There are 2 protein chains.
Amino acid sequence: MPAPPAPHTTSPVDAAGRRLTTRGQKRRAQLMLEGARLFAERGYHPTSVQEIVATLGVGKGVFYWYFSSKEEFFLEILRAAQTDLRRRQQAAIADETDPIRRVELGIEESLRWFREHREMFNLFQFAITQEKFAPVLRQGQQVAVGDVVRHVKEAIVEGRIRDQDPELLAQAIVGVMSHLARTYLYERDESVEAVADGAKAFCLHGLLG
Amino acid sequence: MPAPPAPHTTSPVDAAGRRLTTRGQKRRAQLMLEGARLFAERGYHPTSVQEIVATLGVGKGVFYWYFSSKEEFFLEILRAAQTDLRRRQQAAIADETDPIRRVELGIEESLRWFREHREMFNLFQFAITQEKFAPVLRQGQQVAVGDVVRHVKEAIVEGRIRDQDPELLAQAIVGVMSHLARTYLYERDESVEAVADGAKAFCLHGLLG
DNA sequence: GAAGGTCTTGACTGACCGGTCAAGAAATGG
DNA sequence: CCATTTCTTGACCGGTCAGTCAAGACCTTC
């Protein structure tokens, strides 16, 4: 995504309402990228702000120019990632009319996203265990489940999925997906296709099929 | 499990090889229980050793009499919980000869255990994101998956489960179970039976059935 | 080239944390 | 009763961390 030209008109603004130049936006993005990487690698608490700025070779003040606190910084990383994942999911199913096929496409695209953003796996999983961060995570997850629920309901109406609590079915799908992604993509570095096929088959047919 | 009498013979020994009196064993257990509770509630890093001992109304030295470090302490909590969960699973399926039924019983009993040890949920999930603790967690999870794999293989041989990679099927089951446990037992406090029924149905029949 | 906003520096502060230890209390055993 | 071992105390140490801030560099605009 190319940055908009924005020559010298109304500039983008950060969370506190300050203006940000193009240069400033780049720094911001740099910090978030590096922060996500380090948080994922060593954990949120064990990673100091000092380490993050040192990796970029800048002073500590830079961090606090762009973010009000380490906590807010982490929340922004989480929100940005969730937004990006959702956008990808939506784009992947946009042209598909078959609800079951939409579920399958959603699984595939989510796995692909997690593959490309392996570092976000640990971050999500850690964030959900901390009271300070869990609400944001839960909200995002609920949105994802809501998407699946709509497809499932539609398919139940069409009589193509057995009549069970749609939310439970959706949650189960999310569970399969995230656990398989962790085990096979994150820990064992296998291919998205193989995992996606396995996940789709299990979600549709279960053990017996 | 009643503590053995052990009047004044060879006494139980702690990790460092020191003897432990009955009183000592109680303190140890107290610390682990309270530690698990606090770690789960506030997180591992944000919970200080000081807080743990203060909650029990004892001095800091007590902690370091029974455990060599905060890290080792946490690992012991994890190991003890995993051992307990596994024992419960094994006991639950001991008398069952049907492999598919064994899977179902395992799901039920695991959910029951997580319901009784809600605090372990966050601990497990946090631990798996930290390089220091992940190996222990992964090993325990692999044991659990291995148990399921055996039942699945047996059922495949009998032609009762479709012929797919047994480990992937087992991992998918674990994924469904842990995510449903988190969502419905941990976050929403629903009944084990309802969740277990949903989980079993999904694992056996998937969406279509 | 001056003015003013944007950005950067890094020393500093106050708080906290994991872990130690000398001293002594409490139980145990003879 | 004394000796030994087990257990407890809490002040203390070295170190780290999130966050501040005065000073100044950079950049844009007029």
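What you see below is based on every heavy atom in this structure, not just the backbone, and it leaves out hydrogens, waters and symmetry mates. For clarity, every value in this text was computed on a predicted model and none was experimentally measured. Letters A, B, ... are given to chains in the order of the sequence lines, protein chains preceding strands, and every chain is numbered from 1.
A:Tyr66 has no side-chain polar atom (N or O) that falls below the 4.0 Å cut-off from OP1 or OP2 of C:dT6. Taking side-chain N and O atoms only, B:Arg23 has no distance below 4.0 Å to OP1 or OP2 of C:dT28. For D:dC7, the OP1/OP2 oxygens have a side-chain nitrogen or oxygen of B:Trp65 closer than 4.0 Å.
Nearest heavy atoms, B:Arg115 versus B:Glu190: NH2-O, 2.9 Å. Nearest heavy atom pair, residue A:Phe39 against residue A:Leu123, reads C-CD1, 3.6 Å.
Defining each end axis of the helix from C:dG1-D:dC30 to C:dG30-D:dC1 as the rotation carrying four pairs' C1' atoms onto the next four, with five pairs an end, the two axes are found to diverge by 10° to 10 degrees.
Residues satisfying the side-chain contact (heavy atoms from CB on, under 4.5 Å) test with B:Glu34, not counting sequence neighbours, are B:Arg37, B:Leu38, B:Thr55, B:Leu56.
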Polar pairs (N or O, both sides) under 3.5 Å between protein and nucleotides 17-20 of chain C?
unit_1 : atom_1 : unit_2  : atom_2 : d
C:dG18 : OP1    : B:Lys70 : NZ     : 2.6
C:dG18 : OP2    : B:Val49 : N      : 3.0
C:dG18 : N7     : B:Lys60 : NZ     : 2.9
C:dG19 : OP2    : B:Tyr64 : OH     : 2.9
C:dG19 : OP2    : B:Lys70 : N      : 2.8
C:dG19 : N7     : B:Lys60 : NZ     : 2.9
C:dG19 : O6     : B:Lys60 : NZ     : 2.5

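Annotation for A:Glu116: atom CD counts as buried by contact number, over 12 foreign heavy atoms lying within 6.0 Å. Heavy atoms from other residues, nucleotides or ligands lying under 6.0 Å from CG of A:Asp95 number 12 at most. Heavy atoms of other residues, nucleotides or ligands lying less than 6.0 angstrom from CD of B:Glu51 number more than 12.
For the pair B:Arg28 CZ and D:dT6 P, the interatomic distance rounds to 15 Å; values are reported in whole Å. Atoms CG (A:Leu56) and P (C:dT9) sit 10 Å apart, rounded to a whole Å. As a whole-Å value, the separation of A:Arg27 CZ from D:dC26 P is 13 Å. In this structure, the NZ atom of B:Lys26 is 17 Å from the C1' atom of D:dT8, given to the nearest Å.
When only modelled atom types and interatomic distance are considered, B:Gln30 and B:Arg27 share a side-chain donor-acceptor pair under 3.5 Å.
For the ring pair (Phe, Tyr, Trp, His ring centres under 6.0 Å) criterion with A:Phe67, the lone passing option out of A:Tyr64, A:Phe63, A:Trp65 is A:Phe63.
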